[in-house]
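FYI, side chains are in, hydrogens and waters are out, and symmetry mates aren't considered; it's all heavy atoms of this structure. Quick caveat, the model's predicted, so the values are computed rather than measured.
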Amino acid sequence: MSETNDLTPAEVCIWRAFPRGESVDFRAAENEDPALGNTWGAERTVRASVLRTLLLKAPQEEGKIAALKIAGARITGVLDLKYATIDAAIRLSHCQFDSVPDLYGAQLRQLNLSKSVLPGLTSAALRVEGVLRMTDCRMRGPVRLGGAQISRALFMERAEFTAPDDSEPVLQLNQAEIGDDVWAPEMRAHGQVRLTGASVAGRINVQDAEFNNPDGTALDAQNLNVGAHVRARCVRARGRVELRGSRISGRLDLLHAHLSHPGDTALRASSCVIGELWLRGGDRIEGVLNLRRSQIEILTLEPEMLPDQVYLSNLTYSVLTPHEPAERRLPMLELDGEPYEPHCYEQLTAAYRHAGDDDAARLVQLAKQRRRRTTLTWYGRLWGYVQDATVGYGFRPLRAAVWLLSLMIIGSIAYGLDHPRPIKAGEAPDFNPVFYTLDLLLPVVNFGQEPAFAPDGWHQWLSYALIITGWTLATTIVAGVTRTVSRQ
C-alpha cells in the first residue's frame, strides 16, 4: 500500500518496533533539541492510516509479541479501526491526536491513551479484553463509550473531559459493562457524564473528582449497577447528580462532598438499593435531596448537610447514624415537600428502637401525631389539641397524673372549705373531700361519696367540671395506651 512505500523516518521506527513489541518514544528527540520546544514537528508526526495498516496487517517476529507502543507522537488523520479485531496491545501515550479516533465496534486486547490529548473519541460498542486506560488524558470533545465491554478495569485518573458545546455528554458510558473497577480519582468533567444502565463488577472511585454542568445534569447514573463500593469522597458536583433506580451493593461514600444545584434537585437517589449511604462531613447540600422509595441498610446522614427540601417518602433503612437526639432528626421530616407521610415517622421510630432509644422513639411518634393533626378537620384538630395537652397522645402518661393530682388538690381544697350538703342527713357517711373529688374525677371508681352528697351553687358547677375533665382524661389515656400497645 502507498502508506508503506513512502514511510517517514518516524513511521519507519514504529513499523520496525511493532513486531517486537518495543516502545518508540519521540519525547527523547524533543529533549535532545531544545529548539523544538513543545512543537509537534515532522520528526514526531505519524499518519493514522499507517497505524491502521500496521495494526490490521500485524507483522510478526518469531519469539516476540507484537504491540503498538508509541509515546510523544502527533497523529494526523482519523485512526479508523471501526469493527476491526486487533490482537496486539495498543499504547498511545503522551500523544496529540488531530482527529477523533473511530473505534466503533472494535475488538481490542488492550488500549492505553494515558496523558494524550484528543479532540474526542468514538468508541461505542467497543470491546476490550484487558484494561482501557485514559489516565491524565485531555479530551476536547465527546468520548462515546456507550455499550462498551471492558473485561477488566477502566482507568481515568486525573483525566479532563470538555466539549466545544453541550449538545451531548462529554463522557458517555451508558450501558457499558466493566468487568472490574472504574478508577477515576481527581477526574474533571466540564459537561454531563452519562453512566445510565452501566454495570461495574468492582468499585467506582471518583474521589476528589469534579462534575460541572451547573445548568443541567452533571452526573446521570440512572440504573447504575455496582458490585462493590462507590468512593466519592470530596467530590464536587455543580449540577444534578442522578442515581435513580441504581443498585450499589456496597457503600456510596459521599463524605466531605459538595453537591450544588440551587433551585433544583442536587442529588436524586430515589428507588435505589444501597448497602450504605454516607452523607457526612461535607458542605450543606444546595438544592433538593431526593431519597424516595430507596432501600438503604445503613444510612449515615449528618443533619448539617441537609438542604431546605428533602424527599423521604417510603424510604426504608435499618440503621441511622450518627446517633442524634430526636430533636435533631425531626426537622428533616418537616422539610419534606410532600403532604403528611406517616411512613417517614414510623421509619425513624424503628431506627431509634433498633438503637435502643425508646425515649427518642416516643418523641418521634408524638411529632407524627402533631403533624397528622394539621390534616384533620377543625373538630379533629380540637380533639387532638386536647389529647396533646393532657397526655401527649399517650406518649407522656405522667402528664395525665399531673393533671389528676392538680384537679384532686383543687377539688379537695374547695370541698374541704365548704362541704356539700348530704342527700340524706342521717344516712350519709362522713364527708371526705379527697375521696369525694376522686369519685367525681374517676369514672369507674366509686368510694361512696359522690352519691351521698348533693352540691349546689358553685359546688355544682365545680363538680360538673371535674366529671367532664375526668371523662376526658380517662378517654385520652385509654386512647393513648391503646395506640402504644397496638404499636408494640
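Rounded to the nearest 0.5 Å, atoms CD1 (Ile90) and CG (Leu51) are 9.0 Å apart. Gln222 CD to Leu195 CG: the interatomic distance, rounded to the nearest 0.5 Å, is 11.0 Å. The distance from the OG1 atom of Thr196 to the CG atom of Leu243 is 12.0 Å, given to the nearest 0.5 Å. Atom CG of Asn290 and atom CD of Glu242 lie 8.5 Å apart (nearest 0.5 Å). To the nearest 0.5 angstrom, Ser114 atom OG is 5.5 Å from Arg133 atom CZ. A distance of 12.5 Å separates CG in Leu54 from CZ in Arg47, rounded to the nearest 0.5 Å.
Using a 4.5 Å cut-off on side-chain heavy atoms (C-beta onward), Pro19 and Gln60 make no contact. Counting heavy atoms from C-beta outward, Leu132 and Leu145 have side chains that approach closer than 4.5 Å. Considering only heavy atoms from C-beta on, Leu315 comes within 4.5 Å of Leu299 through its side chain. Asn225 has its side chain out of reach of Asn223: every pair of non-hydrogen atoms, C-beta onward, lies at least 4.5 Å apart. At a threshold of 4.5 Å between non-hydrogen side-chain atoms, the residues Thr53 and Trp15 count as touching. Leu81 has its side chain within reach of Leu55: a pair of non-hydrogen atoms, C-beta onward, lies under 4.5 Å apart. A heavy-atom distance below 4.5 Å is found between the side chains of Pro101 and Leu118. With contacts defined as side-chain heavy-atom distances shorter than 4.5 Å, the pair Leu348/Leu330 qualifies.
Here ring-ring contact (aromatic ring centres under 6.0 Å, His included) pairs that include residues 360-380, with residues two or more places apart or in two chains, number zero. Within the structure, side-chain hydrogen bond (donor to acceptor under 3.5 Å, both in side chains) contacts touching residues 62-90 (residues at least two apart or in different chains) are Arg74-Asp98. Applying the ring-ring contact (aromatic ring centres under 6.0 Å, His included) rule to pairs touching residues 340-362 yields His323-Tyr352, sequence neighbours excluded.
Using a 4.0 Å cut-off between charged nitrogen and carboxylate oxygen, Arg236 and Glu210 count as a salt-bridge pair. Salt-bridge check for Arg328 with Glu304: passed, with a basic side-chain N closer than 4.0 Å to an acidic carboxylate O. In this structure, Glu160 pairs ionically with Arg140, as a charged nitrogen and a carboxylate oxygen lie closer than 4.0 Å.
Closest of all the heavy-atom pairs between Gln110 and Gly130 is OE1-CA, 4.5 Å. Pairing each heavy atom of Met305 with each of Asp283, the nearest pair is CE-O, 3.6 Å. A pairwise comparison of heavy atoms in Cys344 and Leu312 identifies SG-O, 3.4 Å as the closest pair. Residues Arg27 and Gly72 share a closest heavy-atom pair of CG-CA, 3.8 Å. Nearest approach of Ala48 to Leu79, heavy atoms of both residues: CB-N, 3.5 Å. The two residues Val100 and Leu121 have their closest heavy-atom pair at CG1-N, 3.6 Å.
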For residues 211-219, which side-chain donor-acceptor pairs fall under 3.5 Å, sequence neighbours excluded?
| from | atom 1 | to | atom 2 | distance (Å) |
| --- | --- | --- | --- | --- |
| Asn213 | ND2 | Thr217 | O | 2.8 |

Considering only distance and modelled atom types, tabulate donor-acceptor pairs under 3.5 Å from the side chains of residues 291-298, sequence neighbours left out.
| from | atom 1 | to | atom 2 | distance (Å) |
| --- | --- | --- | --- | --- |
| Arg292 | NH2 | Glu338 | OE2 | 2.5 |
| Arg293 | NE | Ser271 | OG | 3.1 |
| Arg293 | NH2 | Ser271 | OG | 3.4 |
| Ser294 | OG | Ala269 | O | 2.4 |
| Ser294 | OG | Ser271 | N | 3.2 |
| Ser294 | OG | Cys272 | N | 3.0 |
| Glu297 | OE2 | Ser318 | OG | 3.4 |

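Residues passing the salt bridge (charged side-chain N to carboxylate O under 4.0 Å, His left out) test with Asp308 are Arg284, sequence neighbours excluded. Shown here are the salt bridge (charged side-chain N to carboxylate O under 4.0 Å, His left out) partners of Glu286, two or more places apart in sequence or in another chain: there are none. Every residue two or more places apart in sequence or in another chain that forms a salt bridge (charged side-chain N to carboxylate O under 4.0 Å, His left out) with Glu22 is listed here: Arg20. Listed by chain and residue number, Gln107, Gln149 satisfy the side-chain contact (heavy atoms from CB on, under 4.5 Å) test with Arg127 (two or more places apart in sequence, or in another chain). With sequence neighbours excluded, the residues satisfying side-chain hydrogen bond (donor to acceptor under 3.5 Å, both in side chains) with Asp181 are Arg203. When the side-chain hydrogen bond (donor to acceptor under 3.5 Å, both in side chains) test is applied to Arg188, no partner is found at least two apart in sequence or on another chain. Listed by chain and residue number, nothing satisfies the salt bridge (charged side-chain N to carboxylate O under 4.0 Å, His left out) test with Arg52 (two or more places apart in sequence, or in another chain).
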Do Arg372 and Gln369 pass the side-chain contact (heavy atoms from CB on, under 4.5 Å) test, and can you show the C-alpha distance, the side-chain angles, and the key distance before you say yes or no?
CA-CA 5 Å; Arg372 175 179 175 272; Gln369 293 300 325; 4.1 Å; yes
Start with the C-alpha gap between Phe26 and Ile70, add the side-chain angles, then the distance that decides, and say whether side-chain contact (heavy atoms from CB on, under 4.5 Å) holds.
CA-CA 8 Å; Phe26 294 102; Ile70 305 173; 3.8 Å; yes
Determine whether Phe155 and Val131 satisfy the following criterion, side-chain contact (heavy atoms from CB on, under 4.5 Å), listing intermediate values before the conclusion.
CA-CA 8 Å; Phe155 293 95; Val131 302; 4.1 Å; yes
Just do the side-chain contact (heavy atoms from CB on, under 4.5 Å) check on Phe161 and Met156 with the steps written out, would you?
CA-CA 10 Å; Phe161 299 90; Met156 299 184 292; 3.8 Å; yes
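Arg371 CZ: more than 12 foreign heavy atoms inside a 6.0 Å radius. Within a 6.0 Å radius of CD1 in Ile65, other residues, nucleotides and ligands contribute 12 heavy atoms or fewer.
The closest donor-acceptor contact from the side chain of His190 to the backbone of Thr162 lies at 3.5 Å or more, if one exists at all. Here the side chain of Ser123 pairs a donor or acceptor atom with the backbone of Arg144 at under 3.5 angstrom. When atom types are taken as modelled, the side chain of Arg138 and the backbone of Asp136 share a donor-acceptor pair closer than 3.5 angstrom. Without hydrogens or angle criteria, Asp102 side chain to Tyr104 main chain gives a donor-acceptor distance under 3.5 Å.
No hydrogens or angles considered: a donor-acceptor pair under 3.5 Å links the side chains of Arg231 and Gln207. At a cut-off of 3.5 Å, with distance as the only test, no side-chain donor of His261 or Arg238 sits close to an acceptor on the other residue. Side-chain contact annotation: Ser23 with Arg91, donor-acceptor N/O pair under 3.5 Å present. Under 3.5 Å, the side chains of Glu168 and Gln172 contain a donor-acceptor pair of N or O atoms.
Considering Val310, Thr321, Leu279 as possible partners of Leu301, the one that fulfils the side chain to side chain contact (heavy atoms under 4.5 Å, CB included) test is Leu279.
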